[in-house]
Amino acid sequence: MSATTDQPAKRRLRTWSAFGDIKRRPSDYEIGTQGMNYTLREGRKAPFEQNPSSPANLWMQTYRDDSPLQVDDWESFRDPDMLSYRAYVTQQHEQETKVGGVLEQYAAANADAQLPPEWRATLARLFTTTRYPLHGAQQVQAYIGLMAPSPYITNPAALSAADMLRRVTLVSYRTRELQLAWPDDGFATGERAIWELDEAWQPTRRAIELALTAYDWGEAFTAMNLVLLPSLDDVLLRQLGEVARDSGDDLTWLLTSFLQRDAQRRERWSGELARFVVAQRPGNAGVLRKWIDKWSPLADESAAGLGSVLENYSLRGRAASEVAAAAAAARERLLAGASPGLASADPAAAS
Amino acid sequence: MALLKREEWQGIVRDVDWTLKYVDDEAVYPEWHSGTGKVPRDAWQKWEESYKVSYPDYVATQREKENSAYAVQSALKRSKAFETLDEGWKSATKMHFGGVALVEGMATLAELKMARFGLSPAWRNMSIFGALDEMRHTQITLLFGHEFVSKDPQYDWSHKAFHTNDWVTVSLRSLFDAMMTGANAVDMAIQLPLTFETGFTNLQFVALSADALEAGDINFANMISSIQTDEARHSQQGGPTLEILVEHDPVRAQWTVDKFFWLSARAFAALTGPSMDYYTPVEHRKQSYREFMEEWIIDQFMRTLSDYGLKKPWYWDEFMEGLDIWHHSLNMGLWFWRPTLWWKPVAGVDEASRQWLNEKYPNWETVYGDKWRVIAENINSGNMEATLPETLPWLCSMCHLPTCNANYGRDGKWRVRNYSLKHNGMTYHFCTKGCRQIWWEDRDNLNHTTVVERFLLGEIQPMDVPGVLGYMGLTPDVMGDDAHNYHWASSFSQSEPAGTAGGR
Amino acid sequence: MTETAEATETAAEPQLVPVNAIFADDFVEILVAITTADTIAEVAGKVAYHVEGKRVRARDAEKVVYHNDRALTPDLTVAEAGIAPFDHIRVDYADA
Amino acid sequence: MDNAVGPILRSSDEVDQVVAAIYDDNPGTEIEVTDRGAYVRIHASDHLRVTAESLKRHLGPDFEIRSLEAMMSAFAGRINTTSDAVEWSLGPAKAPVG
């Protein structure tokens with residue numbers, strides 16, 4: 001074994017050799033992300049440096065490396081927001097400061113005391129109860145991040161998981177405020193019963209529980225980020241926000257519109273990922289399509305179930321079928337934007 | 001009008017468990033990943049972290065930390081700070097960047113796994129912050145390491161190391177894959193946040209920052225101690241998990257801690273030990289590795305364990321004896337097999353260093369003094385070939401580090417003793433009784449070969465030294481060579497001959 | 001140990017025997033490739049080659065090979081001594 | 001010191017003020033401050049606490065207790081954090097405060 005005691009001419013590197021011979025300097029986002037997940041290293045015998053047939057290796061092999069969703073180069077995917085950790089905490093701190101300001105302002109005005117009973121009941125059914133499904137969605141985002149075949153997917157998925165925790169946190173904060181204002185309305189104490197027993201929620205509960213067992217990473221991603229959340233968020237953020245505004249509950253309207261930023265960012269990277277996999281391998285359209293067809297009915301039933309709550313809200317309600325159609329249309333827009341082949345063949349069928 | 005205090009509403013954020021109806025609990029929390037074992041499923045409802053943080057507080061505090069860490073880096077970029085650092089200290093940082101950056105990436109996945117499969121919502125929520133923290137650590141470590149790539153190609157291994165089969169990497173992957181994402185959530189919470197993060201990382205991220213600052217590397221000291229402020233928080237996932245496990249399955253709790261305490265101690269002896277006692281210039285050493293181990297591990301961490309009702313591990317005497325041996329031997333091994341490294345190893349045995357080593361480690365001269373002297377004599381007489389390896393060190397089947405631990409036996413001699421066992425017709429060798437015992441107890445590493453075994457099984461081609469170096473990913477411009485151009489060797493020709501200083 | 005005719009007959013083609021070896025008070029066990037045809041004296045030399053005068057000061061003393069804690073006769077072959085691949089052997093100075 | 005508990009702060013301009021706040025909040029307690037340059041151990045036997053109020057007094061009214069996290073790279077003992085105080089102690093957590 002001979003070491004070179006004479007220093008050879010030094011090769012000047014501009015960046016990680018892993019980037020190969022690239023002309024431009026990679027961005028800080030790329031420098032901190034590229035190749036981060038070494039279980040994806042080339043020439044590996046198994047993802048983890050242990051017995052190739054250990055449970056952890058078999059799981060990764062089955063649900064990640066052998067997923068029906070395959071491309072030639074996962075590391076070339078980019079989150080369109082190119083969000084680094086540092087940029088994330090900076091922008092979310094700004095958002096939270098804005099939220100905090102609004103919360104203080106409405107608390108100072110004692111706004112909750114003015115909410116009418118029927119609207120409070122609607123909030124209890126459709127807003128404060130969301131902490132359960134959102135926590136399930138948070139778990140699935142974490143799973144997508146864990147299992148993703150590229151760190152460029154792991155990172156935005158992990159940030160989306162954090163966004164879910166942000167949303168649960170804000171919903172919980174509001175739940176406590178509403179409880180303080182209306183101690184007998186079941187806020188903070190009654191949501192679990194609503195989630196588990198209210199007919200309106202059962203399709204959503206079923207969809208979330210099933211999504212927790214979608215273990216192929218590609219299916220988990222498709223089910224949650226391309227089908228369920230785009231549909232549910234249309235109901236729980238956009239439509240509920242509009243109804244809140246129409247009902248004079250400006251606080252709920254403001255908060256749901258703030259939260260839509262997170263949902264839109266998740267849809268940006270998720271839509272881009274769908275576009276990417278189809279562009280890389282056209283055959284992936286069929287793979288996604290199969291999952292989309294499997295999960296869309298669950299999303300539609302969920303939206304219709306939640307729509308029934310709005311339908312029963314006499315002040316500013318809207319028909320459950322309209323609610324569901326709008327939710328399906330929102331999903332279709334995301335899918336069609338990603339790749340024309342992903343949208344439903346018959347858009348009318350969605351409504 | 002102020003916002004409500006966190007205590008008034010945080011209970012609601014964690015009140016998000018529900019009874020699964022459409023799927024089985026076992027399907028959502030499979031034993032492979034969740035690992036409840038003998039602990040009743042509902043026992044986890046008691047799980048509560050004591051270091052609490054909310055989302056708005058998290059992003060506010062983390063933004064402050066990031067701004068301050070990058071402000072220091074940016075201020076130092078324009079200075080000559082890097083150029084003035086000792087080459088040995090730079091090697092400590094190369095070892096750190098390469099050994100740590102992608103482990104932080106693995107820890108991101110590990111935290112995501114707990115965020116998905118953890119058995120209590122409070123735990124899963126805390127893991128979300130843990131995952132974000134680890135994403136931070138990956139990015140900051142890579143960005144700080146990247147800063148030096150154009151100055152020195154060895155820094156490329158900040159990123160590259162974990163994509164190769166370098167023996168150091170294989171050893172570290174083997175440790176961290178078992179500790180982190182390869183484990184179920186319960187074991188992982190004991191192994192990673194508790195044993196590793198409240199115990200050992202303090203050595204590499206806080207204690208080493210004391211040396212870094214003395215060595216003039218403000219940027220590095222600032223980065224690692226900032227990282228550790230996150231660890232101090234999210235590592236608290238371990239405590240509540242351990243409390244519940246001790247109550248329902250104390251044997252498993254003890255075993256899990258014992259196993260990863262030992263394996264972490266092995267890895268730290270390879271990396272942190274040499275960094276502190278050899279790579280940090282002797283005049284800048286704040287304490288010895290042994291003293292830091294006593295401060296952070298033997299004193300502080302063992303008190304934590306007894307606080308949770310755990311006993312001292314079974315191998316305690318062997319571990320304590322190893323504090324005077326493991327890292328010294330590993331340092332010699334790193335130096336002798338220097339072409340296999342992505343940094344420039346430091347002999348660290350000039351006269352002042354030897355004096356320091358003998359003060360801190362009374363047996364050092366007896367065990368290591370003459371070996372270094374023989375090496376130095378070869379250097380001084382120009383016989384460099386004799387200082388370079390022509391074969392591989394044997395690697396332990398458990399920790400994948402060289403089997404290089406002498407002990408003082410009943411025969412009155414310091415000798416490296418062989419610890420081996422036969423299983424299914426294969427002979428396995430271990431560096432210590434501890435590693436052998438751990439391997440035998442769970443045999444997780446069956447079918448997982450060391451680099452030496454891969455070589456002997458013909459997996460490394462061609463079967464020669466260039467073949468091995470190629471397998472490890474080493475290129476000539478990166479291969480390690482003495483950090484100080486062998487200047488230290490001359491101190492041996494001026495000082496007393498062999499034997500007169502030793503024997504203490 | 002007695003010489004056996006079979007051993008010499010079957011050892012027509014020397015086989016490679018990689019072993020885990022330690023020399024005297026060296027700090028690390030190393031991989032050493034010996035063959036079934038090597039004598040124990042040659043084995044001692046092959047192990048010493050990597051260590052003696054490199055990390056362990058060379059001494060003018062006879063070298064003894066230990067296998068399973070027994071000292072082996074220098075003129076035995078590896079095959080005769082029953083050293084198998086992956087076995088551990090220790091080489092030390094006779095007076096150590 | 002037996003049963004030492006308490007924070008370990010990374011070096012910064014504010015360490016002295018935090019130490020002063022800890023002295024204020026633990027009257028009559030023997031406190032050991034060990035300075036290792038890059039980090040400072042602040043320990044007492046069995047129990048130590050610091051309040052938001054004292055921190056604000058020493059570090060200015062804008063200082064928020066959550067920012068103590070950015071200074072604390074480790075700690076000995078078990079921690080309990082609330083909006084008003086941080087405590088270090090041994091043994092299972094007491095009933096949550098607040």
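Every chain is numbered from 1 and lettered A, B, ... according to where its sequence line falls, protein lines coming before strand lines. The shown structure was predicted, so the numbers you read here are calculated from the model rather than taken from an experiment.
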| task | Identify which part of A/Thr97 has an atom lying under 4.5 Å from any heavy atom of chain B, answering side chain, backbone, both or neither. | result | neither
| query | Without hydrogens or angle criteria, can the side chains of A/Glu191 and A/Trp201 be said to hold a donor-acceptor pair below 3.5 Å? | reply | no
| request: Measure B/Thr164 against the heavy atoms of chain A and call it side chain, backbone, both or neither at under 4.5 Å. | output: neither
| note | Output for pair (A/Ile208 CD1, A/Leu228 CG), nearest 0.5 Å, gives 6.0 Å
| said: So for A/Arg205, is it side chain, backbone, both, or neither that comes closer than 4.5 Å to the heavy atoms of chain B? | reply: both
| request: Can you tell which part of A/Gln95 gets under 4.5 Å to a heavy atom of chain B, answering side chain, backbone, both or neither? | output: neither
| Which atoms of A/Arg131 come close to chain B, meaning under 4.5 Å heavy atom to heavy atom: side chain ones, backbone ones, both, or neither? | both
| query | Of the backbone (N, CA, C, O) and the side chain (C-beta and beyond), which part of A/Gln202 lies under 4.5 Å from a heavy atom of chain B, both, or neither? | reply | both
| Side chain, backbone, both or neither: which part of B/Pro466 has an atom under 4.5 Å from a heavy atom of chain A? | neither
| field | Minimum-distance pair of heavy atoms, taken over all atoms of A/Met224 and A/Ala211 | value | CE-CB, 3.8 Å
| message | Working to the nearest 0.5 angstrom, can you tell me the gap between A/Thr175 OG1 and B/Ile12 CD1? | response | 5.5 Å
| task | Please state whether the rings of B/Phe97 and B/Phe148 are parallel, tilted or perpendicular, taking 30° and 60° as the class boundaries. | result | tilted
| task | Could you label the plane-to-plane angle of the A/Trp59 and A/Tyr215 rings as parallel, tilted or perpendicular, counting under 30° as parallel and over 60° as perpendicular? | result | perpendicular
| field | Segment of A/Arg167 engaging chain B (4.5 angstrom heavy-atom cut-off) | value | neither
| Of the listed residues (A/Gly32, A/Ala188, A/Pro55), which shares the most heavy-atom pairs with chain B below a 4.5 Å separation? | A/Pro55
| What residue in A/Thr39, A/Asn37, A/Asn155, A/Thr90 has the most heavy-atom pairs under 4.5 Å with chain B? | A/Asn155
| task | Side chain from CB out, backbone as N, CA, C, O: work out which of these in A/Leu180 comes under 4.5 Å of a heavy atom of chain B, or both, or neither. | result | side chain
| query | Heavy-atom distance under 4.5 Å to chain B: side chain of A/Glu196, backbone, both or neither? | reply | side chain
| said: Which atoms of A/Leu170 are under 4.5 Å from chain B, going by heavy atoms: the side chain, the backbone, both sets, or neither? | reply: neither
| Which portion of B/Trp32 sits near chain A, non-hydrogen atoms under 4.5 angstrom | side chain
| request: Would you check if the distance from the ring center of B/Tyr70 to the ring center of B/Phe144 is below 6.0 Å? | output: yes
| With only heavy atoms counted, which part of B/Leu4 is less than 4.5 Å from chain A, the side chain, the backbone, both or neither? | both
| task | Between chain A and each of B/Trp157, B/Phe176, B/Tyr58, count heavy-atom pairs under 4.5 Å; write down the option with the most. | result | B/Tyr58
| note | Highest number of heavy-atom pairs under 4.5 Å with chain B among A/Thr213, A/Ile144, A/Thr33 belongs to A/Thr213
| message | If you count every heavy atom of other residues, nucleotides or ligands that lies below 6.0 Å from A/Arg261 atom CZ, does the total exceed 12? | response | no
| message | Please classify the contact between B/Tyr155 and chain A as side chain, backbone, both or neither, with a heavy-atom cut-off of under 4.5 Å. | response | backbone
| task | Would you kindly say whether A/His93 and A/Glu96 are connected by a side-chain donor-acceptor distance under 3.5 Å? | result | no
| Where on A/Pro151 is there a heavy atom nearer than 4.5 Å to chain B: the side chain, the backbone, both, or neither? | neither
| said: Between B/Asp15 and chain A, with a heavy-atom cut-off of 4.5 Å, which part of the residue counts as in contact: side chain, backbone, both or neither? | reply: both
| query | Taking atom types as modelled, is there a side-chain donor on A/Asp163 or A/Gln92 under 3.5 Å from an acceptor on the other? | reply | yes
| task | Select one option (side chain, backbone, both, neither) describing which atoms of A/Gln139 are under 4.5 Å from chain B's heavy atoms. | result | both
| query | B/Ala115, B/Pro30, B/Gly105, B/Pro56: which one forms the most heavy-atom pairs within less than 4.5 Å of chain A? | reply | B/Pro56
| task | Against chain A, label B/Glu31 side chain, backbone, both or neither, depending on which of its atoms sit under 4.5 Å from a heavy atom there. | result | neither
| task | Give a yes-or-no answer on whether the side chains of B/Ser158 and B/His146 include a donor-acceptor pair shorter than 3.5 Å. | result | no
| message | Using a strict threshold of under 4.0 Å (side-chain N to carboxylate O), is an ion pair present between B/Arg136 and B/Glu66? | response | yes
| task | Specify which of A/Val168, A/Leu165, A/Leu210 makes the most heavy-atom pairs with chain B at under 4.5 Å. | result | A/Leu165
| query | Do you see a donor-acceptor pair shorter than 3.5 Å between the side chains of B/Ser127 and B/Arg116? | reply | no
| message | Just by distance, no angles: are the side chains of A/Tyr152 and A/Gln34 close enough, under 3.5 Å, to form a donor-acceptor pair? | response | yes
| message | What verdict does the side chain to side chain contact (heavy atoms under 4.5 Å, CB included) test give for B/Glu26 and B/Leu20, after you've listed the backbone C-alpha separation in whole Å, the side-chain angles of each residue and the deciding distance to 0.1 Å? | response | CA-CA 10 Å; B/Glu26 169 67 24; B/Leu20 294 165; over 6 Å; no
| task | Just give me the residue among A/Trp16, A/Trp195, A/Tyr132 that pairs up with chain B most often, heavy atom to heavy atom, under 4.5 Å. | result | A/Trp16
